[in-house]
Amino acid sequence: MKIATFNVNNVVKRLPNLLAWLAEAEPDVVCLQELKTAQPAFPAAALAAAGYRAAWRGQKTWNGVAILARGAEPVVTRAALPGDPDDDQSRYLEAAVDGVLVASLYAPNGNPQPGPKFAYKLAWLARLARHAGTLRREGVPVVLAGDYNVAPTDRDIYSTRSWAKDALVQPESRAAFRRVLAQGYGDAIRAVHPQAPCYTFWHYMRNRWERDAGLRLDHLLLSPDVAARLRDAGVDREIRGRPGASDHAPAWILLDRAPGARTRVKRRR
DNA sequence: ATGCCTAAATAGTTTAGA
């Protein structure tokens with residue numbers, strides 16, 4: 001089972017790039033962020049033609065998250081992050097797919113900091129940590145996938161100097177990310193690649209892609225039962241270099257079959 | 001301290017992204 005997360009930076013504008021990647025990478029489940037599309041404008045028909053059924057929560061101009069499943073219906077369990085009824089930004093969607101609870105999340109960027117946007121980011125991540133703890137206590141297999149807008153350590157950024165004041169690398173942002181992990185989750189990319197940078201984002205500005213001046217902002221956090229099934233993980237970085245690309249590249253995990261899972265047996269005739 | 005890119009919108013400059 002292959003689960004991927006991809007900040008598409010406008011799912012309508014980026015649809016050809018998305019479809020090409022789906023055909024090549026063949027993920028079973030995809031978490032999308034930054035749809036930047038109102039709910040009715042989501043390209044559900046084009047994705048269905050590609051073999052994916054979808055659940056999504058759109059929003060005009062900004063934000064927006066989706067979960068795609070190949071040949072299966074994602075069963076939505078939550079369409080908002082608990083903890084603030086007044087938060088109407090489309091940043092969280094959660095669905096059950098093939099025995100795994102998958103969350104597609106888009107944490108606030110938080111710039112400029114300090115300020116109200118940074119406070120919203122930290123509060124949002126605190127809500128995520130609380131909810132991540134709730135899911136652990138429910139004992140279900142969980143994958144929290146998305147754009148956390150946090151480079152967790154200095155290894156996750158090409159140079160700390162030019163980003164020193166950025167919300168993505170602040171100690172408070174990193175502590176907020178660690179509090180999610182502390183609920184009992186593992187960082188899948190780092191588990192497989194402890195040393196390699198594994199950037200997932202390269203800014204459009206200043207030839208950051210050509211210079212490989214990236215950041216690792218997109219993460220897949222796994223509950224222990226899912227982590228035990230982790231066979232491989234990676235970043236499809238070449239996607240970032242294509243014409244009309246998003247500024248993010250997809251990150252993915254490959255899971256072994258769940259222990260005790262029913263195997264499909266083809267009857268011989 | 002700001003520009004640097006990219007994109008959308010009570011658009012023709014402003015706001016947001018990260």
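Chain A is the first sequence line, chain B the second, and so forth, proteins listed ahead of strands; every chain is numbered from 1.
- Note on Asn207(A): nothing from the nucleic acid sits closer than 4.0 angstrom, heavy atoms only.
- There is no path of hydrophobic side-chain contacts, each under 4.5 Å, that joins Val140(A) to Leu255(A).
- Not counting sequence neighbours, Trp252(A) has no partner by the ring pair (Phe, Tyr, Trp, His ring centres under 6.0 Å) test.
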Between protein and nucleotides 9-12 of chain B, what N or O pairs are separated by less than 3.5 Å?
| residue | atom | partner | partner atom | Å |
| --- | --- | --- | --- | --- |
| dT10(B) | OP2 | Lys60(A) | NZ | 3.2 |

Listed pairs, N/O of protein and of nucleotides 13-18 of chain B, under 3.5 Å:
| residue | atom | partner | partner atom | Å |
| --- | --- | --- | --- | --- |
| dA16(B) | O5' | Lys117(A) | NZ | 3.4 |
| dA18(B) | OP1 | Glu34(A) | OE2 | 2.3 |
| dA18(B) | OP1 | Tyr106(A) | OH | 3.3 |
| dA18(B) | OP2 | Tyr106(A) | OH | 2.7 |
| dA18(B) | OP2 | Asn149(A) | ND2 | 3.3 |
| dA18(B) | N9 | Asn109(A) | ND2 | 2.9 |
| dA18(B) | N7 | Asn109(A) | OD1 | 2.8 |
| dA18(B) | N7 | Asn109(A) | ND2 | 2.9 |

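- Every residue two or more places apart in sequence or in another chain that forms a side chain to side chain contact (heavy atoms under 4.5 Å, CB included) with Ala79(A) is listed here: Arg57(A), Leu93(A).
- For the P atoms, the distance from dT2(B) to dG12(B) is 23 Å, rounded to whole Å.
- Scanning for side chain to side chain contact (heavy atoms under 4.5 Å, CB included) contacts around Ser159(A) gives Arg161(A), with sequence neighbours left out.
- Between the P atoms of dT13(B) and dA1(B), the separation comes to 27 Å (whole Å).
- The side-chain hydrogen bond (donor to acceptor under 3.5 Å, both in side chains) test applied to Ser223(A) returns Asp225(A), not counting sequence neighbours.
- Here the separation of dA16(B) from dA11(B), taken at their P atoms, is 15 Å to the nearest Å.
- Partners of Arg237(A) by side-chain hydrogen bond (donor to acceptor under 3.5 Å, both in side chains), not counting sequence neighbours, listed by chain and number: Asp212(A).
- Identified under the ring pair (Phe, Tyr, Trp, His ring centres under 6.0 Å) test for residues 86-109 of chain A, with sequence neighbours left out: Tyr92(A)-His131(A).
- Rounded to a whole Å, the CG atom of Leu35(A) is 15 Å from the C1' atom of dA8(B).
- dT14(B) sits 12 Å from dT10(B) when the C1' atoms are compared, rounded to a whole Å.
- Applying the side-chain hydrogen bond (donor to acceptor under 3.5 Å, both in side chains) criterion to Trp163(A), with sequence neighbours excluded, gives Tyr158(A).
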